[in-house]
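Heads up: the structure comes next, in structure tokens.
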Amino acid sequence: MGRREADGLVDLHVHTTYSDGLMAPGEVVVTARSLGLRAVAITDHDSVSGIDEAMERGKALGVEVVPGVEMSTGVSGEDVHILGYLLDWRAEEVQQRFHDLRRKRDERAQRMVEKLAELDVSVTIERVRELAGDGAVGRPHLAQAMLEAGAVRSINEAFDRYIGYDKPAYVPKSKLSPLEAVEFIHAQHGVAVIAHPATYGNDSVVYAAIAAGVDGIEVWHSDHDKRAVAHYQEVAQKNGLIATGGSDCHGGRKNNMVYLGQVEVPYQCLEELRRVQRKYLK
Ligand code: AMP
Ligand code: FE
Ligand code: FE
Ligand code: ZN
């Protein structure tokens, strides 16, 4: 697909404070506006709670806000992210699903707090929840609480010694399969896209997502070099999938963080998403 910039640029992958992003949804839209972006998609991890706030601000500022979500799925132990765009985020079923996922995350955090206690690391679930705020509670919040409690000297140490994969206080998340995520997104009139395919180490995961029925591949992403972009453009083309892209911004410009609009994505990608969505509206 050609990169047509004349129609404007979009960022189709952005996190807010409703998951692990640093900016509130409104701030994301204000920043998008100041960067001259035509559209921005809100894609929090397993949450659609930031969309309404972003939409409201988008209407006021003339920035198109695309409703989205980034769902965590598992393929043989590996975490695979599936983006869902344009889904009916206000639908009861959607609200319920993500509410359940957050509850499961909270239960998992409680179990990790218990395991930490057995290892003489004392953090409270209340503090962990407070750190998560509006967002889904996860290991970064546990690590922060451990740091505050003086149990570790750095976030890294918390992961290395206690809560990293296979470490003594680690508890796995229960995960959907890519097929379950894709079917859910389609049933809610959304379009499914495999996120940052170059980050999984090998393409078997990508082909598993394609087999599960994703409609698109995130070709442009902050973690994709030129080679990855060319490769996934080809994979998209060969499999009749749309090519999308986004920054995966979790914050601002500080601390070398990925920032909004960092990856140039043409407006045409959003039009393609809308075109494919028609298949699922019937
Ligand atoms: P969770 O979804 O609760 O399993 O937490 C996963 C998040 O933890 C990832 O998105 C990262 O932001 C963070 N994370 C994972 N491993 C590390 C690590 N070794 N050091 C710092 N943060 C990490
Ligand atoms: Fe994240
Ligand atoms: Fe992701
Ligand atoms: Zn993301």
Side-chain angles (χ1 to χ4, degrees), residues 11-23 28 41-47 50 68-75 77-85 98 101-113 115-116 123 125 128-129 131-147 152-167 169-176 178 181 192-201 205-206 209 214 216-224 244-251 255-260 263:
D11 190 332
L12 297 177
H13 191 155
V14 184
H15 295 272
T16 79
T17 45
Y18 284 90
S19 58
D20 53 355
L22 297 177
M23 288 192 280
V28 167
I42 302 297
T43 55
D44 278 310
H45 297 289
D46 297 324
S47 171
V69 66
E70 182 172 25
M71 295 181 75
S72 291
T73 73
V75 177
E78 193 162 6
D79 204 15
V80 177
H81 290 173
I82 309 272
L83 293 155
Y85 291 109
F98 294 120
L101 283 173
R102 273 197 297 282
R103 203 200 57 231
K104 281 192 190 134
R105 270 184 167 276
D106 188 83
E107 287 165 6
R108 170 191 182 230
Q110 288 181 53
R111 277 196 285 150
M112 290 177 78
V113 166
K115 284 197 168 194
L116 285 169
V123 294
I125 186 64
V128 173
R129 283 179 186 142
L131 288 164
D134 294 327
V137 59
R139 286 182 290 156
H141 309 114
L142 278 152
Q144 184 63 36
M146 290 161 78
L147 187 63
V152 291
R153 274 156 302 171
S154 70
I155 297 287
N156 254 336
E157 191 187 332
F159 278 90
D160 285 350
R161 287 179 58 195
Y162 297 106
I163 58 173
Y165 181 69
D166 271 357
K167 294 297 189 285
Y170 177 76
V171 174
K173 277 185 287 195
S174 64
K175 294 227 186 79
L176 298 175
V193 172
I194 173 144
H196 40 71
T199 63
Y200 303 116
V205 160
V206 179
V214 293
I217 299 187
E218 191 173 50
V219 168
W220 299 285
H221 184 273
S222 302
D223 291 336
H224 286 187
T244 72
S247 64
D248 208 351
C249 171
H250 282 70
N255 310 322
N256 290 325
M257 282 179 91
V258 168
Y259 55 87
L260 203 70
V263 178

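What's counted below: heavy atoms across the whole structure, side chains too, no hydrogens, waters or symmetry copies. Read the numbers this way: they start at 1 and go in the same order the structure lists the ligands and their atoms.
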Handout entry: Criterion side-chain hydrogen bond (donor to acceptor under 3.5 Å, both in side chains) against Asp106, the qualifying member of Arg108, Lys104, Gln110
Key = Gln110

Practice task
Would you mind running through ligand 1 and noting each atom that sits below 4.0 Å from a heavy atom of Gly138?
Solution key: 3 (O)

Exercise for the section: Determine, considering heavy atoms only, which of His141, Lys167, Arg108, His15 sits nearest to atom 1 (P) of ligand 1. Expected result: Arg108

Problem - Evaluation steps, side-chain contact (heavy atoms from CB on, under 4.5 Å), between Ile194 and Tyr200 - result: CA-CA 11 Å; Ile194 173 144; Tyr200 303 116; 3.9 Å; yes

Completion exercise
Only residue of Leu142, Val113, Val137 satisfying side chain to side chain contact (heavy atoms under 4.5 Å, CB included) with Ile125 is Val113

In the protein, which heavy atom is nearest to [atom], and how far is it?
atom: atom 15 (C) of ligand 1; answer: Phe159 CE2, 3.4 Å
atom: atom 4 (O) of ligand 1; answer: Arg139 NE, 2.8 Å
atom: atom 10 (O) of ligand 1; answer: Asp20 OD2, 4.3 Å

Exercise for the section: In sequence, state the C-alpha distance, the side-chain angles, and the governing distance for Leu147 and Ile155, and then conclude on side-chain contact (heavy atoms from CB on, under 4.5 Å). Expected result: CA-CA 7 Å; Leu147 187 63; Ile155 297 287; 4.1 Å; yes

Exercise for the section: Please test His196 against His13 for side-chain contact (heavy atoms from CB on, under 4.5 Å), starting from the C-alpha separation and ending with a verdict. Expected result: CA-CA 10 Å; His196 40 71; His13 191 155; 4.0 Å; yes

Completion exercise
Closest to the Fe ion (ligand 3), among the N/O/S atoms of His81, is atom ND1

Handout entry: Considering only N, O or S atoms of Glu70, the one closest to the Fe ion (ligand 3)
Key = OE2

Practice task
Looking only at distances, please establish whether an N/O atom of ligand 1 is found under 3.5 Å from an N/O atom of Lys173.
Solution key: yes

[X] near the Fe ion (ligand 3) via N/O/S, less than 2.8 Å:
X: His196; answer: yes
X: His45; answer: no
X: Asp248; answer: no

Exercise for the section: Return yes when Pro140 approaches ligand 1 closer than 4.0 angstrom through a heavy atom, no otherwise. Expected result: yes

Practice task
Describe, in one word, how the ring planes of His15 and His250 are oriented to each other, choosing from parallel (under 30°), tilted (30 to 60°) and perpendicular (over 60°).
Solution key: parallel

Fill in the blank from the handout: Answer key: the N, O or S atom of Asp20 nearest to the Fe ion (ligand 2) is OD2

Handout entry: N, O or S of His15 under 2.8 Å from the Fe ion (ligand 2)
Key = no

Practice task
For ligand 1, note which part of Asn156 has a heavy atom under 4.0 Å away: side chain, backbone, both or neither.
Solution key: side chain

Exercise for the section: Taking the side chain as every heavy atom from C-beta outward, state whether Asp46 and Glu70 have any pair of such atoms under 4.5 Å apart. Expected result: no

Problem - Minimum side-chain heavy-atom gap Thr73-Lys175 below 4.5 Å - result: no

Exercise for the section: Just do the side-chain contact (heavy atoms from CB on, under 4.5 Å) check on Tyr162 and Met112 with the steps written out, would you? Expected result: CA-CA 9 Å; Tyr162 297 106; Met112 290 177 78; over 6 Å; no

Problem - Backbone N/O of Ala198 and side chain of His224: donor-acceptor pair under 3.5 Å - result: yes

